[in-house]
Amino acid sequence: MKAIQIKQPGTPEAMEFVDLPVPEPEPNEVVVKISAAGVNFIDVYNREGRYKVAAPFVLGQEGAGVVTAAGKDVKSVKPGDRVAYTGVMGSYSEYSAVPADRLVKVPKGVDDRQAAAAMLQGMTAHYLCHDTYPLKKGETALVHAAAGGVGLLLVQMAHNIGARVIGTVSTDSKAKLAREAGADEIILYTQTDFETETKRLTAGKGLDVIYDSVGKSTFEKGLNLLRPRGMMVLFGGSSGAVPPFDPIMLTQKGSLFLTRPSLLHHIITSQELQARAKAVFDMITQGKLKFRIEHTYPLAQAQQAHRDLEGRKTTGKLLLLP
Ligand code: NDP
């Protein structure tokens with residue numbers, strides 16, 4: 001089978017298109033024939049070696065496809081079932097072995113591409129606005145990179161809750177997409193100072209919450225925009241890591257809350273994984289959540305997919321189609 005393997009972390013060229021044997025399932029595993037693999041920023045961090053993974057490894061942590069073989073202890077799924085998963089390394093591949101308790105069955109009405117997109121970015125958007133800071137109708141949220149993979153989903157969910165959504169994006173075409181997803185206000189943060197503009201838009205009242213995946217270039221200014229006891233949800237660093245800072249700043253800026261959450265801690269148990277995936281799948285089948293899947297690539301072009309993602313050239317979801 002074909003797969004994208006990392007032997008030495010590094011630039012996109014570190015991703016090698018190789019031939020590997022089709023995996024055999026362990027007793028608790030199934031083998032999934034991958035039809036769509038999600039490309040996510042975490043794959044860039046893993047490729048670069050920012051997060052340590054023992055090499056060699058097959059990249060990718062999000063996939064959807066069909067079960068082709070099941071280990072002897074597996075009861076929850078069987079060959080032929082359509083499934084999706086996240087949080088297990090190895091989806092940039094034609095086949096991957098996945099622990100059965102990490103799989104969700106994909107319902108009718110959700111295609112494989114939507115399922116792949118729902119698992120990492122969809123469930124992330126879901127936990128951010130339902131658990132990390134449970135957003136309420138009438139509250140105001142700032143969503144950075146609002147036309148990105150997580151961004152477009154989070155904007156839709158926040159809008160559906162009835163919150164006022166302010167989004168930041170880098171270009172006019174991204175602004176249009178974020179508006180269509182339900183953002184009430186858009187700031188082109190590469191041209192306009194988002195701190196000044198957000199203060200104007202909130203008339204000095206302050207934001208209830210900021211969902212910040214951009215990090216280095218946005219974090220510190222964001223702390224000036226929250227209402228007293230508002231929450232900074234820092235969930236990524238696509239512009240780079242936030243430098244260390246003194247927690248006394250949180251007091252000085254209004255007894256703020258700061259959290260740095262990860263999806264993995266919001267799908268720890270099988271029960272939570274199934275419930276969260278179902279919530280996202282239900283939004284899809286009820287027409288409340290739309291995916292923008294414009295950027296698809298053959299597996300062999302994984303390097304280009306990473307260049308496009310890192311180069312801010314993409315909107316919505318990127319998928320590899322093995
Ligand atoms: P996106 O599709 O959002 O792509 C990243 C976007 O970040 C770009 O399109 C760009 O939007 C913006 N950006 C701002 N500055 C830069 C920069 N210097 N270089 C590159 N991009 C920049 O990616 P994802 O949706 O896959 O992920 C978004 C972030 O969320 C990542 O940091 C990721 O690690 C994190 N994440 C965290 C999770 C968690 O549970 N903690 C789970 C999933 C993702 P624009 O051009 O509009 O500025």
Side-chain angles (χ1 to χ4, degrees), residues 12 37-48 50-51 59-62 86-87 91 116-133 142-157 166-179 181 183 186-192 194 210-222 232-242 258-268 272-273 276 280 291-295 305-320:
V39 177
N40 295 287
F41 236 92
I42 194 167
D43 305 334
V44 174
Y45 303 151
N46 288 327
R47 186 204 76 212
E48 288 174 335
R50 212 190 297 184
Y51 297 164
L59 204 58
Q61 296 204 21
E62 185 180 47
T86 188
S91 64
M119 293 310 291
L120 201 156
Q121 295 178 337
M123 290 201 294
T124 294
H126 184 270
Y127 86 71
L128 289 171
C129 65
H130 287 92
D131 295 274
T132 306
Y133 183 90
L142 178 63
V143 178
H144 285 302
V150 177
L152 275 180
L153 304 179
L154 186 53
V155 168
Q156 291 176 69
M157 289 184 199
I166 303 175
T168 61
V169 295
S170 65
T171 64
D172 287 321
S173 54
K174 289 186 177 187
K176 183 167 178 287
L177 290 176
R179 273 209 189 85
I186 288 293
I187 303 171
L188 287 165
Y189 59 174
T190 40
Q191 298 169 26
T192 307
F194 79 86
I210 298 178
Y211 298 108
D212 186 348
S213 66
V214 173
K216 190 175 176 187
S217 63
T218 48
F219 175 78
E220 204 171 325
K221 283 187 173 185
M232 168 65 81
V233 182
L234 176 70
F235 70 99
S238 40
S239 70
V242 171
L258 165 66
T259 181
R260 177 55 174 96
S262 161
L263 171 63
L264 291 181
H265 304 129
H266 294 79
I267 50 171
I268 293 175
E272 192 170 24
L273 168 66
R276 201 173 297 284
V280 177
F291 289 92
R292 183 177 168 80
I293 305 177
E294 191 199 19
H295 304 275
H306 276 220
R307 281 188 209 104
D308 292 348
L309 182 64
E310 290 177 83
R312 295 170 92 157
K313 293 199 182 116
T314 63
T315 54
K317 188 69 198 168
L318 285 77
L319 291 176
L320 298 177

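Residues: numbered from 1 along the sequence shown. Order of listing sets the numbers, starting from 1, for every ligand and every atom in it. For the numbers below, each heavy atom of this structure counts, side chains included, while hydrogens, waters and symmetry mates do not.
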J.: Grab the two heavy atoms, one from A305 and one from V39, that are nearest each other, plus how far apart they are.
T.: CB-CG2, 4.4 Å

J.: Please tell me if the side chains of Q61 and N46 come closer than 4.5 Å, counting only heavy atoms from C-beta onward.
T.: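 In contact.
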
J.: Relative to atom 22 (C) of ligand 1, which among R312, Q121, M123 owns the nearest non-hydrogen atom?
T.: R312

J.: Out of all atoms in ligand 1, which are within 4.0 Å of some heavy atom of Y127? Include the element for each.
T.: 39 (C), 40 (O), 41 (N)

J.: Can you find a pair of side-chain heavy atoms, one from Q156 and one from L153, that are under 4.5 Å apart?
T.: yes

J.: Under 4.0 Å from any heavy atom of V214, which atoms of ligand 1 are there?
T.: 14 (C), 15 (N)

J.: So which heavy atom in the protein is nearest atom 9 (O) of ligand 1, and how far is it from that ligand atom?
T.: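 Going atom by atom, the protein heavy atom closest to atom 9 (O) of ligand 1 ends up being K174 NZ, 3.3 Å.
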
J.: What protein heavy atom sits nearest atom 42 (C) of ligand 1, and how far away is it?
T.: T124 OG1, 3.2 Å

J.: To check you understand the geometry: which heavy-atom pair defines the closest contact between T314 and H295, and what is its length?
T.: CA-NE2, 3.6 Å

J.: What residue and atom, counting heavy atoms only, is the protein's closest point to atom 7 (O) of ligand 1, and at what distance?
T.: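 Protein heavy atom at minimum distance: S238 OG, 3.1 Å.
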
J.: Side chain or backbone of T190 under 4.0 Å from ligand 1, or both, or neither, by non-hydrogen atoms?
T.: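 Neither; no heavy atom under 4.0 Å.
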
J.: In the structure I gave you, are the side-chain heavy atoms of V44 and L309 within less than 4.5 Å of one another anywhere?
T.: yes

J.: Nearest heavy atom to atom 1 (P) of ligand 1: which of S170, G149, A125, G316 does it belong to?
T.: G149

J.: Using heavy atoms and a threshold below 4.0 Å, how should the contact between V150 and ligand 1 be classified: side chain, backbone, both, or neither?
T.: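 The answer is both.
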
J.: Using heavy atoms and a threshold below 4.0 Å, how should the contact between L263 and ligand 1 be classified: side chain, backbone, both, or neither?
T.: both

J.: Please name the pair of heavy atoms, one in G222 and one in I210, separated by the smallest distance, quoted to 0.1 Å.
T.: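 G222 and I210 have their closest heavy atoms at O-CD1, 3.3 Å.
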
J.: Say whether, by atom type as modelled, one donor and one acceptor occur between the side chain of R276 and the main chain of H266 under 3.5 angstrom.
T.: yes

J.: Grab the two heavy atoms, one from V280 and one from A118, that are nearest each other, plus how far apart they are.
T.: CG1-CB, 3.8 Å

J.: Looking only at heavy atoms of P261, does any of them come nearer than 4.0 Å to an atom of ligand 1?
T.: yes

J.: Do you see a donor-acceptor pair shorter than 3.5 Å between the side chains of R47 and H306?
T.: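 Yes.
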
J.: Does any non-hydrogen side-chain atom of V150 lie less than 4.5 Å from one of Y211?
T.: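 Side-chain contact under 4.5 Å: no.
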
J.: Taking distance alone, with no angle check, do S217 and ligand 1 share an N/O pair under 3.5 Å?
T.: no

J.: Measure the distances from the heavy atoms of R260 to every atom of ligand 1 and state whether one is below 4.0 angstrom.
T.: yes

J.: Within less than 4.0 angstrom of ligand 1, does A147 place any heavy atom?
T.: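 In this structure, A147 fails to qualify as a contact of ligand 1 - no heavy atom is under 4.0 Å.
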
J.: At a 4.0 Å threshold, what atoms of ligand 1 neighbour a non-hydrogen atom of L120?
T.: 42 (C), 43 (C)

J.: Which heavy atom of the protein is the closest neighbour of atom 48 (O) of ligand 1, given with residue, atom name and distance?
T.: Y189 OH, 2.5 Å

J.: Hey, looking at atom 18 (N) of ligand 1, which of S239, A178, A145 has the closest heavy atom?
T.: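 Shortest heavy-atom distance from atom 18 (N) of ligand 1: S239.
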
J.: Would you call I166 and V143 a side-chain contact if the rule is heavy atoms closer than 4.5 Å?
T.: no

J.: Please check this pair: side chain of T192 against backbone of Y189, looking for a donor-acceptor N/O pair closer than 3.5 Å.
T.: no

J.: Answer yes or no for G151: is there a heavy-atom contact with ligand 1 below 4.0 Å?
T.: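 G151 does not count as a contact of ligand 1 under the 4.0 Å cut-off.
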
J.: If you have a sec, work out which protein heavy atom is nearest atom 31 (C) of ligand 1 and how many Å separate them, to one decimal?
T.: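 The closest one turns out to be F41 CB, 3.5 Å.
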
J.: Among protein heavy atoms, which sits nearest to atom 37 (C) of ligand 1, and what does the distance come to when rounded to 0.1 Å?
T.: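 Looking at atom 37 (C) of ligand 1, the protein heavy atom closest to it is F235 O, 2.8 Å.
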
J.: Check L234 against P261 and note the closest heavy-atom contact, atom names and distance.
T.: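 Shortest heavy-atom separation between L234 and P261 comes out as O-CD, 3.2 Å.
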
J.: Counting distance only, does the side-chain N/O of T190 pair as donor-acceptor with the main-chain N or O of T171 below 3.5 Å?
T.: no

J.: Any donor and acceptor pair, going by atom type alone, linking the side chain of S217 with main-chain N or O of S239 inside 3.5 Å?
T.: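 Checking the backbone N and O of S239 against the side chain of S217, no donor-acceptor pair under 3.5 Å is found.
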
J.: Using distance alone, decide if ligand 1 has a nitrogen or oxygen within less than 3.5 Å of any nitrogen or oxygen in V169.
T.: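 No; the residue has no nitrogen or oxygen that sits under 3.5 Å from a nitrogen or oxygen of the ligand.
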
J.: Considering heavy atoms of the protein only, find what lies nearest to atom 34 (O) of ligand 1 and give residue, atom and distance to 0.1 Å.
T.: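 Among all protein heavy atoms, the one nearest atom 34 (O) of ligand 1 is Y45 CE1, 3.3 Å.
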
J.: Return the closest protein heavy atom for atom 3 (O) of ligand 1 as residue, atom name and distance.
T.: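 Here the closest protein heavy atom is G148 CA, 3.4 Å.
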
J.: I need the contact type for E62 against ligand 1. Using non-hydrogen atoms and a strict under-4.0 Å cut-off, is it side chain, backbone, both or neither?
T.: neither

J.: Given S173, S262, S213, G236, which one has a non-hydrogen atom that is nearest to atom 29 (C) of ligand 1?
T.: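 Looking at heavy atoms only, S213 sits closest to atom 29 (C) of ligand 1.
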
